Amino acid sequence: MSEAQSLGTESGMARDLTAFQQNILVILAEEPMYGLAIKRHLEDYYGTEVNHGRLYPNLDDLVEMGLVDKSELDKRTNQYELTDEGHQTVLDRFNWMLSKFVTGDERADEIRELVDAHL
């Protein structure tokens with residue numbers, strides 16, 4: 001893998017991914033995107049430049065793992081899209097996070113409010 005950090009105990013493929021790779025999957029959950037659009041979303045999130053030498057090897061790893069499909073938009077531009085397995089990996093990660101965070105009705109209500117705000 002291109003990133004050294006690995007996350008520990010959630011189920012499925014998500015546990016073998018770096019936080020950076022998981023962030024890429026979450027971004028692609030919105031819609032298929034080309035590399036520079038993904039880069040911009042990551043830079044907004046991290047508040048700093050994400051260089052090509054970090055982004056593209058990680059995208060290639062996600063393609064190799066079967067979590068992302070890569071297609072050619074034109075001779076210079078590739079589009080990336082979550083596969084069904086990539087979608088399930090994002091859901092597995094959310095499920096694991098919720099299992100740790102939601103410890104009672106108050107926290108469940110906080111999550112409901114977040115979800116309602118995005119609908």
Side-chain angles (χ1 to χ4, degrees):
M1 280 190 201
S2 299
E3 295 280 310
Q5 176 186 357
S6 184
L7 298 172
T9 57
E10 70 261 34
S11 65
M13 178 76 72
R15 78 175 135 249
D16 298 326
L17 298 177
T18 67
F20 187 77
Q21 290 168 330
Q22 289 180 29
N23 291 338
I24 292 170
L25 294 181
V26 169
I27 288 166
L28 289 174
E30 183 178 6
E31 65 183 352
M33 293 182 196
Y34 59 97
L36 288 177
I38 297 166
K39 182 179 184 292
R40 277 189 227 112
H41 282 279
L42 289 166
E43 288 174 343
D44 286 345
Y45 177 74
Y46 288 111
T48 187
E49 184 179 355
V50 172
N51 70 43
H52 294 260
R54 182 177 187 198
L55 175 61
Y56 290 100
N58 279 283
L59 281 168
D60 289 341
D61 287 347
L62 292 169
V63 168
E64 213 172 281
M65 287 183 246
L67 302 175
V68 171
D69 278 333
K70 177 180 175 179
S71 60
E72 194 174 279
L73 285 176
D74 60 43
K75 292 194 185 282
R76 294 186 45 173
T77 308
N78 292 313
Q79 177 171 284
Y80 299 89
E81 181 175 3
L82 279 186
T83 62
D84 289 342
E85 189 175 355
H87 179 87
Q88 187 60 52
T89 298
V90 172
L91 288 176
D92 288 347
R93 176 68 176 157
F94 285 140
N95 184 47
W96 180 80
M97 290 174 68
L98 287 171
S99 75
K100 303 302 178 198
F101 181 80
V102 178
T103 57
D105 290 340
E106 186 176 324
R107 286 196 175 175
D109 287 342
E110 290 175 340
I111 297 299
R112 283 187 197 94
E113 288 174 18
L114 285 174
V115 170
D116 288 346
H118 291 282
L119 295 176

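Computed from heavy atoms alone, side chains included, the values below leave out hydrogens, waters and symmetry copies. Please read these numbers as outputs of a predicted model, since none were measured by experiment.
Leu55 CG to Glu43 CD: the interatomic distance, rounded to the nearest 0.5 Å, is 9.0 Å. Taken to the nearest 0.5 Å, the CG atom of Leu62 stands 5.0 Å off from the CG atom of Leu25. Rounded to the nearest 0.5 angstrom, Tyr34 OH and Leu73 CG are separated by 9.5 Å. Rounding to the nearest 0.5 Å gives a distance of 11.0 Å between CD of Glu85 and CG of Asp69. Here the CD1 atom belonging to Ile38 is positioned 11.0 Å from the CD atom belonging to Glu30, to the nearest 0.5 angstrom. In this structure, NZ on Lys70 lies 14.5 Å from CD on Glu81, to the nearest 0.5 angstrom.
When every heavy atom of Ile27 is checked against every heavy atom of His41, the shortest pair comes out as CD1-CB, 3.6 Å. In terms of heavy atoms, Arg76 sits closest to Asp74 at N-OD1, 2.8 Å. Closest non-hydrogen pair, Gly66 versus Thr83, comes out as O-OG1, 2.6 Å. Among all heavy-atom pairs drawn from Lys100 and Thr103, the shortest one is O-CG2, 3.8 Å.
Atom CD of Glu106 is surrounded by 12 or fewer heavy atoms from other residues, nucleotides or ligands within 6.0 Å. Remark: Glu64 CD is loosely packed, at most 12 non-hydrogen atoms of other residues, nucleotides or ligands lying under 6.0 Å away. Within 6.0 Å of atom CG in Asp84, 12 or fewer heavy atoms from other residues, nucleotides or ligands are found, so the atom counts as exposed in its surroundings.
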Leu17 vs Leu67, side chain to side chain contact (heavy atoms under 4.5 Å, CB included): CA-CA, chis, key distance, verdict: CA-CA 11 Å; Leu17 298 177; Leu67 302 175; 3.9 Å; yes

Stepwise side chain to side chain contact (heavy atoms under 4.5 Å, CB included) check, Asp16 with Met65: CA-CA 10 Å; Asp16 298 326; Met65 287 183 246; 5.9 Å; no

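Side-chain contact between Arg93 and Val26 is absent, with no heavy atoms from C-beta onward closer than 4.5 Å. Leu36 has its side chain out of reach of Thr77: every pair of non-hydrogen atoms, C-beta onward, lies at least 4.5 Å apart. Contact of the Leu28 side chain with the Ile24 side chain is registered, since non-hydrogen atoms from C-beta on lie closer than 4.5 Å.
In terms of hydrophobic clustering, with Ile, Leu, Val, Met, Phe, Trp and Tyr side chains grouped at heavy-atom distances under 4.5 Å, Met97 and Val115 are assigned to different clusters. Both Leu98 and Leu114 are members of a single hydrophobic cluster when ILVMFWY side chains are connected at heavy-atom separations under 4.5 Å.
Applying the ring pair (Phe, Tyr, Trp, His ring centres under 6.0 Å) criterion to His52, with sequence neighbours excluded, gives Tyr56.
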Taking only distance into account, with no hydrogens and no angle test, what donor-acceptor pairs under 3.5 Å do side-chain atoms of residues 44-51 form with protein atoms, sequence neighbours excluded?
unit_1	atom_1	unit_2	atom_2	d
Tyr46	OH	Asn23	ND2	2.7
Asn51	OD1	Gly53	N	3.0
Asn51	OD1	Arg54	N	2.8

